[in-house]
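Structure, as structure tokens:
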Amino acid sequence: MDSKHSDHASEPVAMPLAVKILVAGGFGVGKTTMVGAVSEIRPLRTEEMLTSQSVGVDDTSGVESKQTTTVAMDFGRITIRDGLVLYLFGTPGQDRFWYMWDELALGALGAVVLADTRRLADCFPSVDYFERRQLPFIVAVNCFEGAQQYHGDEVRQALDLDPHVPVLMCDVRQRESGKRALISLVEHVIREKSAAGV
Amino acid sequence: MPADDEWIDDDAGPMVRPYAVTRGRTRPGRADFDLIAIIATHPRGTPTPQTSGPEHQRILALCETPLSVAEICSEMDLGLGVVRILLDDLDSADLIAVRRPAPVTQLPSERVLKEVIDGLEAL
């Protein structure tokens, strides 16, 4: 514990247990729509100091070193039961906000990576990121109208996914469909956990 | 969002610079507050001069019902960096309790995960 005041044995009120799941994928793939379909969605802003990662993207020459940049994200809350809350976080779409991903991924159960078959390459960075961090994830193919329908196996092959990574088709506008994706992820997390013997 | 040349009202951004409410501080002193750390107001806390600002008071009022850091940001319409500094002030004065999420290596138990599945099914 890094604070002597925290985690009191006698806390003033019952503190709920919070778990989080990330919703990732390329720009415009439907992350916000999915979070909004299954939970009450809210905006979240971070005003971050420009870090070395973003220097070079944002021209800071001639500007004070104390420069902030705003990252806007969405998150949603689902009350599972009294004392257990699930938070969903949509990851920022732009690559320059990778540092925010580290913060989001820390302690997350896992991630739903949304893919659009018309622009499959857009979800490569998300897939790479979660593979590298060994964070469990599933791929949910958002079936946009007008997009050619593919089989899960074709998408799996195109993304070069491990055979155990679930791939499912979804329509992020439908609550039921979003629910299925989240449930599939948590089931995947349970399987990974028992496979790892923890 | 209107076109680029039509930023008016809220779209134009806050009237106060983000870190003005923290008196220019950009880093919390000690503690780290995860987005899903849960904050609750200590009922018997005594405010100090460092925690008498309207934003501090607003957080204390909000967190009479425990809230996550992300929700506090959203409710207050303040950025995460700013809220973390305000929370650090409140924690230093022992005005709040903090429940940090489990360490990364320690996933919730299978029982909790199954509860999450049941909760999602019931949505």
Side-chain angles (χ1 to χ4, degrees), chain A residues 1-8 10-21 38-39 42-49 66 68 70-71 73 75 77-81 84-87 89 100 103-109 136 175-176 178-180 182-183 186-187 189-190 192-194 198, chain B residues 13 17-19 24 26-27 30-32 34-45 64-66 68 70-71 73-75 77-82 88 91-110 112-123:
Chain A
M1 285 311 113
D2 51 1
S3 165
K4 65 183 163 60
H5 300 302
S6 303
D7 303 292
H8 284 229
S10 57
E11 280 164 352
V13 265
M15 301 282 259
L17 177 65
V19 294
K20 72 177 158 182
I21 287 177
V38 294
S39 65
R42 312 170 76 169
L44 175 66
R45 244 176 341 112
T46 74
E47 273 111 13
E48 298 295 330
M49 306 310 291
K66 279 190 180 178
T68 57
T70 301
V71 187
M73 295 180 293
F75 76 102
R77 172 194 169 117
I78 296 172
T79 304
I80 298 294
R81 62 159 165 79
L84 179 58
V85 182
L86 170 64
Y87 289 99
F89 287 90
M100 201 59 220
E103 151 122 42
L104 288 171
L106 194 69
L109 283 188
R175 168 179 278 228
E176 205 50 43
K179 268 169 60 177
R180 292 263 71 85
L182 293 170
I183 290 167
V186 182
E187 288 170 344
V189 171
I190 293 175
E192 295 275 286
K193 208 170 130 79
S194 60
V198 288
Chain B
R17 300 284 296 158
Y19 286 92
T26 57
R27 293 265 180 277
R30 306 171 301 144
D32 192 22
D34 190 277
L35 276 167
I36 61 164
I38 305 288
I39 310 297
T41 304
H42 274 312
R44 294 173 306 278
E64 280 172 17
T65 308
S68 66
E71 287 167 295
C73 293
S74 185
E75 286 288 333
D77 196 22
L78 286 175
L80 180 61
V82 172
D88 189 51
D91 192 32
S92 300
D94 205 15
L95 293 175
I96 52 171
V98 185
R99 177 172 185 166
R100 297 190 160 80
V104 193
T105 48
Q106 198 186 312
L107 272 176
S109 68
E110 186 163 333
V112 169
L113 295 175
K114 286 190 166 145
E115 279 187 305
V116 171
I117 292 176
D118 291 344
L120 287 167
E121 294 275 11
L123 271 186

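Chain letters run A, B, ... following the sequence lines, proteins first and then strands; every chain starts at 1. Quick caveat, the model's predicted, so the values are computed rather than measured.
When Val189(A), Val85(A), Leu109(A) are compared by the number of non-hydrogen pairs under 4.5 Å with chain B, Leu109(A) comes out ahead. Of the listed residues (Met73(A), Arg77(A), Glu176(A)), the one with the most heavy-atom contacts under 4.5 Å to chain B is Arg77(A). Interface remark: of the candidates Ile78(A), Ile80(A), Leu86(A), Ile80(A) forms the most heavy-atom pairs closer than 4.5 Å to chain B. Options Lys114(B), Glu121(B), Glu110(B), Glu71(B) differ in how many heavy-atom pairs under 4.5 Å they form with chain A, and the most are formed by Glu71(B).
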TODO: Kindly determine whether Leu80(B) and Val71(A) satisfy side chain to side chain contact (heavy atoms under 4.5 Å, CB included), including the steps that lead there.
DONE: CA-CA 10 Å; Leu80(B) 180 61; Val71(A) 187; over 6 Å; no
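Looking at Asp77(B), both its backbone and its side chain come within 4.5 Å of chain A, counting heavy atoms on both sides. Proximity to chain A (any heavy atom under 4.5 Å) is shown, for Val116(B), by both the backbone and the side chain. With a 4.5 angstrom heavy-atom cutoff, Leu44(A) touches chain B only via side-chain atoms. Contacts between Leu182(A) and chain B at a heavy-atom distance below 4.5 Å involve backbone atoms as well as side-chain atoms.
The two residues Leu113(B) and Lys193(A) have their closest heavy-atom pair at CD1-CD, 3.8 Å.
Taking the six-membered ring where tryptophan is involved, the planes of Phe89(A) and Phe75(A) are essentially parallel, since the angle between them stays under 30° and well short of 60°.
In this structure, the side chain of Arg42(A) does not engage the main chain of Ser74(B) through any donor-acceptor pair within 3.5 Å. Lys179(A) places a side-chain N or O within donor-acceptor distance of the main-chain N or O of Leu123(B), the cut-off being under 3.5 Å.
The line from CD of Glu187(A) to CG of Leu120(B) is 10.0 Å long, rounded to the nearest 0.5 Å.
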